[in-house]
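A short worksheet on the structure shown next.
In what follows, chains are A, B, ... by sequence order, proteins preceding strands, each numbered from 1.
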Amino acid sequence: MLDVKFIRENQELVKQGLLNKNAADIVDTILKLDEQRRSLITKTEDLKAKKNQVSSQIPQFKKEGKDTTEIFAEMKRVGDEITLLDGQLRDLENEIEDILRNTPNLAHSSVPVGKSAEDNVEVRQWLPEGFNFKNDFKVLDHIELGKKLQILDFERGTKISGSGFSLYTGKGATLERALINFMLDYHLKHHSYKEIMPPILVNRESMKGTGQIPKMEEDMYFIEKDGLYPIPTAEVPITNIHRDEILSEKELTIKYVGYSPCFRREAGSYGKESKGFLRVHQFNKVEMVKFSKPENSYDELELMVIDAEDILKELGIPYRILMLCTGDLSFSAAKCYDIETWSPAENKWLEASSCSNFEAFQARRANIRFRREETKKPEFVHTLNGSGLATSRLMVSLLENNQTPEGKVVVPKVLHKYTGFEIIG
RNA sequence: GGAAAGGUGGCAGAGUGGUUGAAUGCGGCGGUCUCGAAAACCGUUGUCCGGCUUUCGUCGGACCGGGGGUUCGAAUCCCCCCCUUUCCGCCA
């Protein structure tokens with residue numbers, strides 16, 4: 001959520017920023033409503049001040065035996081007017097809030113301006129030693145491999161739950177579990193995160209706090225009976241850990257990492273990229289979340305990307321880093337790097353991680369603050385999160401890149417102690 | 001699912017219609033004492049919004065789970081909702 005004061009003081013900047021993000025220009029509307037709001041506040045507060053002043057004298061009057069009927073009648077009128085104006089004020093505030101909640105965050109100045117994914121900028125690429133984009137044998141895609149090795153069973157996944165639900169069997173299930181454990185352990189040991197295991201059903205407030213609601217509501221599952229949402233990412237419960245809290249300055253930067261399954265309806269996205277693991281309703285993800293001071297958040301973002309990259313390097317999976325342009329940034333993000341891993345069968349890059357800085361956008365919604373020691377004043381923190389990483393897309397690249405000409409899959413060395421086997425097939 | 005209790009400041013916990021933003025204790029911060037620390041003592045200590053002050057501030061308003069009602073006046077009375085805890089039942 002953007003700050004009204006900020007909009008007031010940076011009108012042109014906000015207008016341009018919204019344009020860059022392909023969003024509606026709400027600046028003039030907000031300014032008009034805000035002006036009305038403030039003038040109403042002045043009015044009601046004058047009346048309330050009067051009411052309070054008179055009220056405080058009444059015990060005295062009573063003691064003196066003074067006749068108060070006229071005062072009471074007058075105060076009754078004042079009270080009624082206050083009720084009326086307060087009602088108007090509330091309507092106005094709701095209107096403003098509604099607009100702001102539906103307005104995206106602005107991009108950071110370092111983000112390239114662009115319309116769509118085509119304008120994203122490749123920042124760097126990493127390829128394992130001896131890697132070649134062309135294989136000298138016919139590579140199988142992850143679905144073929146999964147079937148041949150009997151480690152993935154999409155047909156039965158569909159039977160059990162529907163399309164977009166995957167079933168891991170045998171060494172496939174073990175490999176999946178190994179990946180999750182490896183990633184968690186690695187972030188704990190080498191990147192000093194604190195591990196979190198969050199609830200995977202959350203209430204509406206939590207979904208609002210991180211910005212999934214209202215804009216993404218169609219993409220969420222919802223359990224009507226209990227008013228709970230299966231999380232689309234562990235970002236939601238983990239960021240909401242500190243909702244409505246004031247943190248101390250010295251505990252920042254807080255770094256959490258947690259595994260959770262993720263649920264997405266993916267409404268309307270059937271057809272393209274939807275086969276096998278490429279687009280699923282349920283997948284596993286290890287998520288990193290940071291709460292930082294504003295002045296550190298962009299450094300923390302760079303570090304977070306490196307934390308995710310370390311995992312891929314350890315696994316020996318080729319990847320590249322993209323900086324998303326303004327038009328491709330998500331609703332809440334101010335800056336975002338996507339990490340894409342290589343799929344030789346698809347012959348293209350697949351998004352396996354997304355690391356974003358939300359600045360104070362989520363913090364303002366979720367009311368997450370810290371008290372600066374110097375000023376003693378509460379201030380909004382900056383929140384960041386990134387996948388570290390999502391296993392489904394990662395699994396595609398892992399299987400496909402590590403296949404042998406005979407159609408077996410070599411397990412990366414770092415996973416051996418988790419899998420207990422070194423090859424599948 | 002059945003029954004009961006309860007939601008007050010960072011925490012604990014008073015307060016049942018009129019200077020109550022709210023006693024008291026703990027914690028936090030500042031100070032005295034000390035070589036230093038502890039103890040003791042003294043002082044201080046919420047958030048949000050608006051106006052003026054482009055500083056330190058200052059004035060006003062709101063906030064005792066949320067919403068509505070009664071009243072000149074509500075933390076306190078009434079109604080609705082939400083949440084938490086405990087006990088019983090069921091169950092991993």
Q | Contact state string [nucleotides 52-66 of chain B, B base, S sugar-phosphate only, - no protein heavy atom under 4.0 Å] | A | --------BSS----
Q. Could you write nucleotides 75-84 of chain B as a row of B, S and -, 5' to 3', where a protein heavy atom under 4.0 Å of any base atom gives B, of only sugar-phosphate atoms gives S, and otherwise -?
A. ----------
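N367(A) is linked by a side chain to side chain donor-acceptor pair (under 3.5 Å) to D244(A), R369(A), counting only residues two or more places apart in sequence or in another chain. T174(A) meets the side chain to side chain donor-acceptor pair (under 3.5 Å) test with no other residue; sequence neighbours excluded.
Between C49(B) and R38(A), no contact under 4.0 Å exists linking OP1 or OP2 to a side-chain N or O. Residue R90(A) places no side-chain N or O under 4.0 Å from the OP1 or OP2 atom of G67(B).
At a threshold of 4.5 Å between non-hydrogen side-chain atoms, the residues N357(A) and H382(A) count as touching.
Comparing F72(A) and K377(A) by the nucleotide of RNA chain B whose heavy atom lies nearest to each, the residue mapping closer to the 5' end is K377(A).
Using the six-membered ring where Trp is involved, F291(A) and H242(A) have ring planes that are perpendicular, over 60° apart on the 30 and 60° scheme.
Between the CD1 atom of I96(A) and the C1' atom of C49(B) there is a distance of 12 Å, given to the nearest Å.
The side-chain tip of K194(A) does not point at the ring of Y256(A) from less than 6.0 angstrom away and within 45° of straight on. Cation-pi geometry between K171(A) and F421(A) is satisfied (NZ or CZ under 6.0 Å from the ring centre, within 45° of the ring normal).
Checked against U71(B), G50(B), G73(B), the side chain of R37(A) finds its nearest nucleotide in G50(B). The side chain of I58(A) sits closest to G18(B) out of U47(B), G50(B), G18(B).
Against RNA chain B, the stretch residues 363-371 of chain A makes heavy-atom approaches under 4.0 Å through R369(A), R371(A).
Going from the C1' atom of C11(B) to that of G27(B) covers 7 Å, rounded to whole Å.
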Q | Secondary-structure string, 5' to 3', Watson-Crick or G-U under 3.5 Å, | for another-strand partners, for RNA chain B | A | ((((((((.[[[..)..(.....]]]((((((.......))))))(((((((....))))))).[[[[[..)....]]]]])))))))....
